[in-house]
Amino acid sequence: MAPNGTSNGHANGNGHANGNGNSPANPATSVPLSKSYEEDRNAKSTDVEYTTSNGATQRHPYTVQRAGLDGPLLLQDFHLIDLLSHFDRERIPERVVHAKGGGAHGVFECTDDFQDLSCADMFKKGVSCPISMRFSTVGGESGSPDLHRDPRGFSIKFRTSEGNWDFVANNTPVFFLRDPAKFPHFIHTQKRDPATHLTGDDDSTAFWDYLSQNPESVHQVMILMSDRGIPAGWRFMHGYYGHTLKIVNKNGEWQFCQFHVISEQGTKNFTQDEAAKLSPDYAQKDMFEAIERGEFPQWKLKAQTMTLKQAEELWREKKINVFDLTHIWPHADFPLREIGKLTLNENAKNYFAEIEQIAFNPAHMIPGVEPSADPVLQSRLFSYPDAHRHRIGPNYQQLPVNQHIAGYASGNFQRDGQMAFYNQGSRPNYLSSIDPIKFRDPAYSLNDVHGRFVGEAVSFLSEIRPEDFNAPRALWQKVFGEEQQQRFIETVSGHMANCKDEKIIQRQLTIFKEVDQSLGERLEKATGVKALEGGVAAMQFNGSHNGMGNKKIPANGLKETNDVHFYNGAPQAQDAKL
């Protein structure tokens, strides 16, 4: 499926009435005001003639105008000026995060009705819609290797009949943090050092410094440094939304939900040595060539669901916080329910237009899917579209790959700005009583879905608690075999060898000891560094409050005032005590 769909991609969201994307004919000249993106996308070189950007033909692309055979160039040579000035501007800013990646187009089909829990039309059995997917590494630059030890971005644009739903996920079910203001700081530790301009491959000090001050990251660190840390291409990994969402049915009843996308190809991973021998563009090549061969990769969309009462009980009984991105929901208590199948069956014909310019935004939701109070999700609802407006402009949704194909003509009062391809004609750009816009009744009351929050402004920072070590402890003791454990020790100790401050390693080893005593001791032996006496309970962190010991320790030397709260923001009954 082409990124715009094949029927009315240009007809919706821009005011054009004709299905092929051309605007209505100019009554004076009968010449279309614009051309179809689909026609341009599929045109062969032999179908077009060489022109300047304004459409004027040019005899040869290499010729220039000079003042005589041996004279200087002429400023009037628009072809040369046009060529060079566009060349100077060919690169848009790369993504600050997820800069290196690739993707393809395909289709989603709902195979198992999910409308008892969500009224979204795409969750009706038999309904299908076009999709585009992009996979990426998180911290690297646009030229970095596909096979870096790094989480993988896993994003899907569902072009549904009710608008676009952007599924913005990773290949791991948890992340390094649960406090939204930490995100820019953490990503800075994945980038080049401001003084040496070296990456973490040569200097891992900043990486381990951050992790050793923010122990809630340890579950993600265990995954990253394990055999799961380098997926063998994009086809062989799962996708996890990670954040808790709300889903709402036609009766306005809502539940919490975690979405998973499970690879039908299974999962495969490379060791550090295997990855080092392969192409830096391995994942892009593997995906592209598989689709060209007709080996279309597939995933199953599945979901875990939970009522508000269950969420309150889960926190009270097991200390699992559904608003905490570092926690997972137990599958035994909340089993996966299958919804549908995703298939990638078409490569991009132009990488820049269809992959580099695609913009995924977790705030792009459809009726039946709503945000929860997860603080990192709430932060991303702002940050993602803000990044797109900076990177590709305020009208980024008018780019063909980002347009929706909703089953109705849509309009609003947004006008002008850079690259306003479709500016909604002569329709009023305000709520007019002379030429009124139409409104559709909501699918349910947002007040009932989001109306439970009553409180006061709170200065919030999470605390480190004993339950933060439960999942990584189970990962080490029950999931990793002896060979996996040994490779983990080698990977972590090898990476730590590039850390220039032994105190940082001491802190991190103390955290690993809290996960498992033998894990910490093996790392002590491998690094030649001893963990701190007193364990995690005696430590002060600059990034989190410490709630592990008998005396709780505020972050970074903060005084215990009314602005210091030792609570992680889990759902709680109205009469519950902190």
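Residues Ser217 and Phe186 are not in side-chain contact: their nearest non-hydrogen atoms beyond the backbone lie 4.5 Å or more apart. When side chains are defined from C-beta on, Glu356 counts as touching Ile92, because their heavy atoms get closer than 4.5 Å.
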- Task: Might you work through the side chain to side chain contact (heavy atoms under 4.5 Å, CB included) test for Gln378 and His243, ending with a clear yes or no?
- Result: CA-CA 10 Å; Gln378 290 280 325; His243 297 292; over 6 Å; no
- Message: Test side chain to side chain contact (heavy atoms under 4.5 Å, CB included) on Arg487 and Phe480; report intermediate values, then the result.
- Response: CA-CA 10 Å; Arg487 283 192 292 270; Phe480 291 179; over 6 Å; no
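Taking the salt bridge (charged side-chain N to carboxylate O under 4.0 Å, His left out) definition, one finds that Asp203 meets it with Lys500, sequence neighbours left out. Every residue meeting the salt bridge (charged side-chain N to carboxylate O under 4.0 Å, His left out) condition with Lys100, not counting sequence neighbours, appears here in chain and number order: Asp146, Asp281. Judged as a side chain to side chain donor-acceptor pair (under 3.5 Å), and not counting sequence neighbours, the contacts of Asp333 are Lys318. Take Asp116 and apply the salt bridge (charged side-chain N to carboxylate O under 4.0 Å, His left out) test, not counting sequence neighbours, and it matches Arg337. Residues meeting the ring-ring contact (aromatic ring centres under 6.0 Å, His included) test with Tyr241, sequence neighbours left out: Phe167. Residues meeting the salt bridge (charged side-chain N to carboxylate O under 4.0 Å, His left out) test with Glu524, sequence neighbours left out: Lys513.
With rounding to the nearest 0.5 angstrom, the CD atom of Glu94 is 8.0 Å from the OG atom of Ser144.
When all heavy atoms of Phe123 and Leu301 are compared, the closest pair comes out as CE2-CD2, 4.1 Å. Closest approach of Pro571 to Val322, counting heavy atoms only: CG-CG2, 3.5 Å.
For CD of Glu482, the number of neighbouring non-hydrogen atoms (other residues, nucleotides, ligands) closer than 6.0 Å is greater than 12. Crowding of Lys319 atom NZ: a count of heavy atoms from other residues, nucleotides or ligands under 6.0 Å exceeding 12.
Shown are Trp299, Phe236, Phe360; of these, the ring-ring contact (aromatic ring centres under 6.0 Å, His included) with Phe135 is made only by Trp299.
Side-chain atoms of Thr527 come within 3.5 Å of backbone atoms of Leu523 as a donor-acceptor pair (strictly under, hydrogens ignored). Not one N or O on the side chain of Arg134 forms a donor-acceptor pair closer than 3.5 Å with the backbone of Gly102. Judged by distance alone, with hydrogens and angles left aside, the side-chain atoms of Asn251 form no donor-acceptor pair with the main-chain N or O of Glu253 at under 3.5 Å. Judged purely by atom type and a 3.5 angstrom limit, Asn321 uses its side chain to pair as donor or acceptor with the backbone of Asn568. Lys191 contributes a side-chain N or O that, together with a main-chain N or O of Val96, makes up a donor-acceptor pair within less than 3.5 Å. Between the side chain of Ser379 and the main chain of Pro375, no donor-acceptor pair closer than 3.5 Å is present. At least one donor-acceptor pair closer than 3.5 Å links the side chain of Ser204 to the backbone N or O of His495. The backbone N or O of Val369 lies less than 3.5 Å from no partner atom in the side chain of Ser118, so there is not a single donor-acceptor pair.
Under 3.5 Å, the side chains of Lys182 and Ser544 contain a donor-acceptor pair of N or O atoms.
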